[in-house]
Amino acid sequence: CPCALVISTPVAVVCALARATRTGILIKGGRFLEALGALRALALDKTGTLTRGRPTVAEIRPLAGLDAREVLRLASAVEARSEHPVAAAILQSAREQGIAWPRATDFRAVTGRGALARLEGFAYHVGSHRYMEELGVCDGALEAALGELESRGQTPVVLSDGSRALGVLGVADQIREGADESLRALRRLGVRPLVMLTGDVPKTAKAIGRQVGADQVCAQLLPDEKVKAIQDLVRRHGIVGMVGDGINDAPALAAATVGIAMGSEGTDVAIETADVALMRDDLRQLPVAVSLGRRAVRIIRTNIVLSLATKATFVLLAMLGRATLWMAVAADMGTSLLVI
């Protein structure tokens, strides 16, 4: 058995993993490196992945006779115990305006929809358009406000008391630097479709998708629906990657062939679940990782062919009586050095 054949794969894999680590890409093993090299389609979460994940409140539309400050005060009280980036944006806006919010009780997060809590003896809900539809509080005035904010690429967050909408907050997030550039580079490498997955409303999602250059946009997805979307991509394309950063992305990261997490801004759950972590939170590392994986696979195949071809040549020379021991030793060691 040729020594070069034995070492051809592990040497290439270790070198590639070390090279990736030096560039801030942590890959949890050789099979994930090879999966990156064979990637056919890629899904990306929106908030915190394609966008910075640090949204701000762009505008407030009060309804039901409330003013903007009261809408912000009530929304902040409900969201004070939430860890969602949108909640952080609402609280930051209240701080900037010097608005103090009371302590809410019985807080409960409604997965993929919003949150609710009791405040001053009343239950208040803060959440998405979909959540308000489930509560049955949508009317003409609310739909008009939602449509206008969504058309501007903002994510509308609605405050309700369970029987009517009290106000709408338009939350805007910035596109992450290099997002469109990264998707173009991935497309040149043959990775497509590039699919954006988000729990956001369709109009806002499509506006963001156009800006980053996504091939497909799947909106208003709950965490389990993101998993189904990944499973469908795997059935159609075989080897599929998923990029995310939040707790809600963890099931989808696990369902993909290779899960990729944002390393420093991602949650611990996402990083633990993922197979690859981008420690610089720079999407431009994605095409680098895919290129590295493909180059590693090419080198492994070249090494194997070189090892077997060299050994076969000397077996043939030996059968013809042309080979010498020293020629064979030199070729064996020489091929091992070439592989390394």
Side-chain angles (χ1 to χ4, degrees), residues 25-29 31-32 35-36 38-51 53 55 81-88 108-116 127-131 134 155 173 176 179 186 191 193-202 204-205 208-209 212 214-279 281 283 286 289-290:
I25 304 166
L26 301 185
I27 303 174
K28 299 180 181 179
R31 70 188 183 96
F32 304 119
L36 280 172
L39 208 60
R40 292 289 172 267
L42 183 68
L44 304 98
D45 176 55
K46 179 182 78 70
T47 304
T49 303
L50 287 170
T51 63
R81 291 169 57 189
S82 174
E83 297 180 355
H84 197 279
V86 169
R108 181 160 63 88
V110 184
T111 304
R113 293 171 175 83
L116 63 93
S128 65
H129 188 175
R130 183 174 184 172
Y131 187 27
E134 292 174 1
T155 300
D173 200 356
R176 188 178 288 277
L186 287 166
V191 180
L194 300 169
V195 184
M196 188 181 84
L197 306 181
T198 178
D200 218 333
V201 293
T204 302
I208 299 295
V212 299
D215 297 318
Q216 299 175 24
V217 174
C218 299
Q220 281 190 314
L221 298 181
L222 298 175
D224 60 319
E225 292 172 330
K226 287 185 180 181
V227 173
K228 291 177 183 177
I230 293 294
Q231 291 170 340
D232 181 56
L233 285 171
V234 170
R235 279 193 298 270
R236 287 189 284 128
H237 301 283
I239 301 177
V240 175
M242 167 68 191
V243 190
D245 73 308
I247 293 174
N248 290 342
D249 300 324
L253 291 171
T257 314
V258 54
I260 305 164
M262 307 302 279
S264 64
E265 294 184 2
T267 62
D268 292 342
V269 174
I271 295 170
E272 181 66 26
T273 305
D275 310 305
V276 179
L278 306 180
M279 298 311 297
D281 289 330
L283 284 176
L286 272 176
V290 173

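By convention here, the first residue in the shown sequence is residue 1. What you see is a predicted model; the values in this text were computed from it and never measured.
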Exercise for the section: Kindly indicate whether the side chain of Asp224, heavy atoms from C-beta on, has any atom under 4.5 Å from the side chain of Pro251. Expected result: no
Practice task
Could you pull out the closest heavy-atom pair between Ala252 and Lys226, with the gap in Å?
Solution key: CB-CB, 4.1 Å
Handout entry: Any Thr155 side-chain heavy atom under 4.5 Å of Pro55 side chain
Key = no
Handout entry: CG-CG distance between Leu197 and Asn248, expressed to the nearest 0.5 angstrom
Key = 12.5 Å
Problem - Side-chain heavy atoms of Leu286 within contact of Val243, under 4.5 Å - result: yes
Handout entry: Flag side-chain contact, heavy atom, 4.5 Å: Val276 against Val258
Key = yes
Exercise for the section: With sequence neighbours excluded, tell me which residues meet side-chain contact (heavy atoms from CB on, under 4.5 Å) with Ala219. Expected result: Thr198, Pro202, Ala205
Handout entry: Note, Lys46 side chain near Ile208 side chain (heavy atom, < 4.5 Å)
Key = yes
Practice task
Answer yes or no: are there more than 12 heavy-atom neighbours, outside Arg108 itself, under 6.0 Å from its atom CZ?
Solution key: no
Practice task
Report the residue from Leu283, Ile271, Asp45, Asp249 that forms a side chain to side chain contact (heavy atoms under 4.5 Å, CB included) with Met262.
Solution key: Leu283
Problem - Salt bridge Asp232-Lys228, side-chain N to carboxylate O under 4.0 Å - result: no
Practice task
Would you give the length of the straight line joining atom CG of Leu253 to atom CD1 of Ile260, rounded to the nearest 0.5 angstrom?
Solution key: 9.0 Å
Problem - Backbone N/O of Tyr131 and side chain of Arg113: donor-acceptor pair under 3.5 Å - result: no
Problem - Sidechain-backbone polar pair: Asp275 side chain, Lys28 backbone, donor-acceptor under 3.5 Å - result: no
Fill in the blank from the handout: When rounded to the nearest 0.5 Å, the distance separating NE2 of His129 from OG1 of Thr204 is 11.0 Å
Practice task
With the side chain counted from C-beta on, respond yes when Asp215 and Val195 share a heavy-atom pair under 4.5 Å apart, and no when they do not.
Solution key: no
Fill in the blank from the handout: Here the gap from Thr257 atom OG1 to Leu36 atom CG, rounded to the nearest 0.5 Å, amounts to 10.5 Å
Problem - Leu44 side chain near Met196 side chain, heavy-atom distance below 4.5 Å - result: no
Practice task
Return the minimal non-hydrogen interatomic distance between Pro85 and Thr47, and the atom names on each side.
Solution key: CG-CG2, 4.3 Å
Fill in the blank from the handout: When rounded to the nearest 0.5 Å, the distance separating CD of Gln220 from OG of Ser128 is 7.0 Å
Completion exercise
For Gly241 and Leu39 the tightest heavy-atom approach is N-CD1, 3.4 Å
Practice task
For Asp173, enumerate each residue passing the salt bridge (Lys or Arg N to Asp or Glu O under 4.0 Å) test, keeping only those at least two apart in sequence or located in another chain.
Solution key: none
Practice task
Please report the closest heavy-atom contact between Ile239 and Ala35, naming both atoms and the distance.
Solution key: CG2-O, 3.6 Å
Problem - Donor-acceptor pair, side chain of Arg236 and main chain of Gln231, under 3.5 angstrom - result: no
Fill in the blank from the handout: Taken in chain and number order and not counting sequence neighbours, the residues that satisfy side chain to side chain donor-acceptor pair (under 3.5 Å) with Arg40 are none
Handout entry: Distance, nearest 0.5 Å, that separates CG of Leu42 from NE2 of His237
Key = 11.5 Å
